[in-house]
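Down below is the structure, laid out as structure tokens.
Below, chains carry the letters A, B, ... as their sequence lines are ordered, and counting in each starts from 1.
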Protein chains: 2
Amino acid sequence: MTGGPRRTGRRPGLADTRGRILDAARHAFGERGFDGTSIRQVAADANVDPALIHHYFRSKQQLFVAAMAFPVDPSAVVPAVIADGPPEHVGERFAAFVIGLWDRPEVRPLVTGVVRSASTDPVAADMARRLLTEGPLLALASAIDRPDAPLRATLAGAQLMGVAIARYVVRMEPLASMPPDEVADLIGPSIQGYLAGDLGASSGRSQR
Amino acid sequence: MTGGPRRTGRRPGLADTRGRILDAARHAFGERGFDGTSIRQVAADANVDPALIHHYFRSKQQLFVAAMAFPVDPSAVVPAVIADGPPEHVGERFAAFVIGLWDRPEVRPLVTGVVRSASTDPVAADMARRLLTEGPLLALASAIDRPDAPLRATLAGAQLMGVAIARYVVRMEPLASMPPDEVADLIGPSIQGYLAGDLGASSGRSQR
DNA sequence: GTCTATACAGCGATAGAC
DNA sequence: GTCTATCGCTGTATAGAC
């Protein structure tokens with residue numbers, strides 16, 4: 001008992017420098033992607049010296065993964081999504097969950113940042129893949145008792161990624177400014193079809 | 001008729017320098033996006049001097065739009081797509097046309113280039129928007145006699161863009177290596193639902 | 001039409017003073 | 001813990017010789 005309550009327990013910097021850097025990085029990466037963001041720029045936004053960023057995080061890459069770390073684990077929600085209603089609407093529920101999550105103001109920069117950077121940076125591309133088809137979607141697709149789970153997860157993931165880009169990045173109207181539950185309603189049936197429907201165009205497509 | 005067949009009709013450079021630059025630029029932009037591509041690199045690939053690129057095209061931006069110009073006008077195909085079969089499968093036909101077009105080896109770099117760059121570059125974002133929702137898709141959605149044509153076009157465009165990213169950019173399996181007509185079969189019903197179905201989760205295509 | 005040379009700016013990263 | 005200074009490199013773009 002050598003001291004008071006602030007003994008050795010990681011006294012943060014004067015005004016939480018590390019946190020300010022992370023906030024600024026999240027915003028910058030979300031707005032301009034990995035390549036479009038410079039460390040000097042992040043430092044200016046956070047009112048710190050550029051060298052400090054290299055001090056806290058070793059490289060720009062590590063700053064990126066630290067700033068883009070998801071605050072919640074989407075995999076944990078899969079059982080709840082499954083159990084929360086009738087199986088013939090599990091796709092709708094999942095779409096509502098994902099869109100609702102992505103729309104939260106503290107999550108949106110993470111989505112746009114990862115998506116914006118996935119085009120160029122291999123690390124970000126991996127994060128995008130994990131975020132969707134190799135993550136909760138695959139678990140969900142596997143839980144539903146239908147064949148071709150990986151294919152179903154990929155198709156549903158492609159659908160969700162397309163909505164993310166159209167809504168958050170390219171800002172296509174009227175999709176961009178629309179309440180999230182409405183978006184979930186619109187794309188829910190498509191997700192449901194991919195997850196649990198009969199794959200392929202069903203009936204009379206003889207040609208092609 | 002004053003001369004032979006090659007009168008004044010634009011004698012190309014020694015080995016079609018301009019064309020080689022465009023080819024190299026198409027490849028580079030398609031592979032690494034706008035930001036990830038440097039003029040020096042394109043010049044090296046085309047075996048020309050970097051200054052020549054600035055000579056033919058004024059800036060990197062203009063090189064981009066020149067290299068990414070679509071060789072075909074997708075709008076011209078809309079009437080054929082509509083007339084070519086029953087209206088209840090127009091979405092499937094459109095999906096097949098688009099995927100078939102994007103899969104052509106000379107078109108694929110254009111798709112990946114525009115999509116990869118749309119994240120960062122505003123000009124590319126505009127091109128992506130025009131390519132989809134403001135282009136043939138809107139015409140198609142308007143031609144179908146259902147309300148909310150812009151919304152339908154946007155939703156279908158988001159679906160197609162997601163497939164493009166998953167298949168060509170992030171390369172999610174098994175979607176990435178799969179014959180194009182199979183892809184069209186898989187996503188056709190979703191496009192059809194967005195274009196002509198009852199929007200919203202309640203009715204119609206929950207179970208197919 | 002083609003190339004050399006270079007201006008000018010920005011980048012990530014590091015060393016070391018305080 | 002914070003900042004100054006700078007290295008080494010790459011980018012776009014331009015001026016001007018051949």
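- The distance between atom CD of Gln41(A) and atom C1' of dG12(C), rounded to the nearest whole Å, is 14 Å.
- Counting to the nearest Å, the P atom of dT14(C) and the CZ atom of Phe57(A) are 16 Å from each other.
- We find that CD of Gln61(A) is positioned 17 Å from P of dC11(C), with the value rounded to whole Å.
- Across the protein-nucleic acid pair, Ile39(A) atom CD1 and dG12(C) atom C1' stand 6 Å apart, rounded to whole Å.
- In this structure, the CZ atom of Arg40(A) is 7 Å from the P atom of dG12(C), given to the nearest Å.
- Nucleotide dC11(C) holds its P atom 9 Å from the NZ atom of Lys60(A), rounded to whole Å.
- Here dT2(D) presents its C1' atom at 15 Å from NE2 of His54(A), a figure rounded to the nearest Å.
- Between the Gln192(A) side chain and the Val90(A) main chain, a donor and an acceptor come within less than 3.5 Å of each other.
- Checked against dT2(D), dT2(C), dA15(C), the side chain of His55(A) finds its nearest nucleotide in dT2(D).
- Between the CG atom of Asn47(A) and the C1' atom of dC3(D) there is a distance of 14 Å, rounded to whole Å.
- Candidate nucleotides dC3(C), dG1(C), dA13(C) were compared by shortest atom distance to the side chain of Ala51(B), and dC3(C) ranks first.
- Taking 4.0 Å as the cut-off between side-chain N and carboxylate O, Arg20(B) and Asp23(B) do not count as a salt-bridged pair.
- Remark: the backbone N or O of Ala28(A) is paired with a side-chain donor or acceptor of Thr37(A) at under 3.5 angstrom.
- Between Arg167(B) and Asp103(B) there is a salt bridge, with a side-chain nitrogen of the basic residue lying less than 4.0 Å from a carboxylate oxygen of the acidic one.
- Picking from dT4(D), dG12(C), dA13(D) the nucleotide with the shortest atom distance to the side chain of Ser38(A) gives dG12(C).
- The nucleotide whose nearest atom lies closest to any side-chain atom of Leu52(B) is, among dT2(D), dT2(C), dT4(C), dT2(C).
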